[in-house]
2 protein chains.
Amino acid sequence: MERSPGSEIEIFRDFIKRKGLRYTQEREIILREVFNIHDHFDVDELYLRLRNKGYKVSKASIYRTLPLLIECGLVQEVYHEDGHMHYEHIYGHEPHAHFRCLSCRRVEEFSDDRLEEVAREYAERYGVEVKMTRFEILGYCSACRGREG
Amino acid sequence: MERSPGSEIEIFRDFIKRKGLRYTQEREIILREVFNIHDHFDVDELYLRLRNKGYKVSKASIYRTLPLLIECGLVQEVYHEDGHMHYEHIYGHEPHAHFRCLSCRRVEEFSDDRLEEVAREYAERYGVEVKMTRFEILGYCSACRGREG
DNA sequence: CAAGGTATTGAAAAGCTTTCTCAACAAAGG
DNA sequence: CCTTTGTTGAGAAAGCTTTTCAATACCTTG
């Protein structure tokens, strides 16, 4: 059992402080909700979930907070579809890749150690610092394949 | 030496015909220019290049044609940045992945057979049909790493 | 613990990219 | 060559995301 380096809240708070920013209620509310969503989400869904829970957080604040959550490694952009970005929280989860069906739009997750290996080796060979990786397979799931092509 | 299955123009024409669409001058002009750009491009750059060469093709036509080029496998969406999508032509090129520096925004290409392997195995295991894959490493290049973090 | 300096917030406006509308045009078959 | 019908271009419209600015709240200092 490994010692966790801290909850997402501690990490975010530390990050905010280290940057000389202010740890506001809105930022924490957004962070908490992001980690309550155990699936991909977009700004609109996050906004509506907060409103439904009675929180009055503006979309502007969401748009301002997401880049911070990404910068400190808690959240990741997953894919851009239907004219807007889709996100997921990644802290506490194993690295994983995505399969997206171009027909029914279903998204499946999977993981494969070779992907991190490739990134690690690239980093070593070219002296870059890896912040994150993204692997996507686009195609047709077995169900959609059967229905047509 | 392998026999090429046809030029991008033949492929596109066949694809258009097979779908019962019309092979127009605009579509071919756009296709030709896409294959003249040996780098990533966005809609604006493509549009300006065509205008500078004296072609009068509207942005609407570019926005309508790109999905067709993608559907027939000649072009790929590479990444979404600065509020818009970036593309590249892929026909005739080996599959490759991208490293993007989060600081200077430089993009490097590299390839690794393991990536296709991962996709192939996923496809086999789950019975999906792979249309394309995308692997991205985001981080800081060696130069930007030295300058700061 | 009060006060001041200043980053942050919300609401609305603005900025952009991408899509849609519709009349004029052109591809393709007969 | 004529007809049919998909396509084009220009501008309007539709989003998503960012910016603006006055009011607010964080947080440091005294």
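Within every chain, numbering begins at 1; the chains are lettered A, B, ... in the order of the sequence lines, protein sequences first and strands thereafter.
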Nearest-Å distance for atom pair [atom1]/[atom2], residues [X] and [N]:
{"X": "B:D44", "N": "C:dT18", "atom1": "CG", "atom2": "P", "result": "9 Å"}
{"X": "A:D82", "N": "D:dA14", "atom1": "CG", "atom2": "P", "result": "18 Å"}
{"X": "B:Y55", "N": "D:dT8", "atom1": "OH", "atom2": "P", "result": "16 Å"}
{"X": "B:F41", "N": "C:dT17", "atom1": "CZ", "atom2": "C1'", "result": "16 Å"}
{"X": "A:R22", "N": "C:dG4", "atom1": "CZ", "atom2": "C1'", "result": "11 Å"}
{"X": "A:Q25", "N": "C:dT9", "atom1": "CD", "atom2": "C1'", "result": "12 Å"}
{"X": "B:R51", "N": "D:dT8", "atom1": "CZ", "atom2": "C1'", "result": "15 Å"}
{"X": "A:K19", "N": "C:dA7", "atom1": "NZ", "atom2": "C1'", "result": "13 Å"}

A:Y79 six-ring centre to A:R100 NZ/CZ under 6.0 Å and within 45° of normal: yes

Of B:H80 and B:L21, whose nearest nucleotide on DNA chain C comes first from the 5' end? B:H80

Would you mind reporting whether B:R134 and A:R134 have side-chain heavy atoms less than 4.5 Å apart? no

Between A:E88 and A:V75, is any pair of side-chain heavy atoms under 4.5 Å apart? no

What one should report as the nearest heavy-atom pair of A:C101 and A:Y140 is SG-CA, 3.9 Å

Is the phosphate of [N] approached by [X] (side-chain N or O, under 4.0 Å from OP1 or OP2)?
{"X": "B:Y63", "N": "C:dT19", "result": "no"}
{"X": "A:T24", "N": "C:dT9", "result": "yes"}
{"X": "A:K17", "N": "D:dC27", "result": "yes"}
{"X": "A:S61", "N": "C:dG10", "result": "yes"}

Between B:H98 and B:H96 (side chain of the first, backbone of the second, donor and acceptor by atom type, cut-off under 3.5 Å), is there such a pair? no

Backbone of A:L115 reached by a side-chain donor or acceptor of A:R120 within 3.5 Å: no

Does the D:dG6 base have a donor-acceptor partner in the side chain of B:R64 within less than 3.5 Å? no

Starting from the C-alpha separation in whole Å, work towards a yes-or-no answer on ring-ring contact (aromatic ring centres under 6.0 Å, His included) for A:F99 and A:F110. CA-CA 8 Å; A:F99 168 80; A:F110 69 97; 8.2 Å; no

[options]: which one has an atom nearest the side-chain heavy atoms of [X]?
{"X": "B:E26", "options": "D:dT8, D:dT7, C:dC20", "answer": "D:dT8"}
{"X": "A:V43", "options": "C:dT17, D:dT17, C:dT9", "answer": "D:dT17"}
{"X": "A:H84", "options": "D:dT17, C:dG10, C:dC22", "answer": "D:dT17"}
{"X": "A:Y23", "options": "D:dT20, D:dA10, D:dC27", "answer": "D:dC27"}
{"X": "A:R27", "options": "D:dA10, C:dT8, C:dT18", "answer": "C:dT8"}

With axes from five pairs an end, tell me the bend angle of the helix from C:dC1-D:dG30 to C:dG30-D:dC1, nearest 10°. 40°

Side chains of A:R27 and A:Y23 only: does a donor on one sit below 3.5 Å from an acceptor on the other? no

What contact category does B:K59 fall into here, base, sugar-phosphate, or nothing, at under 4.0 angstrom with non-hydrogen atoms? nothing

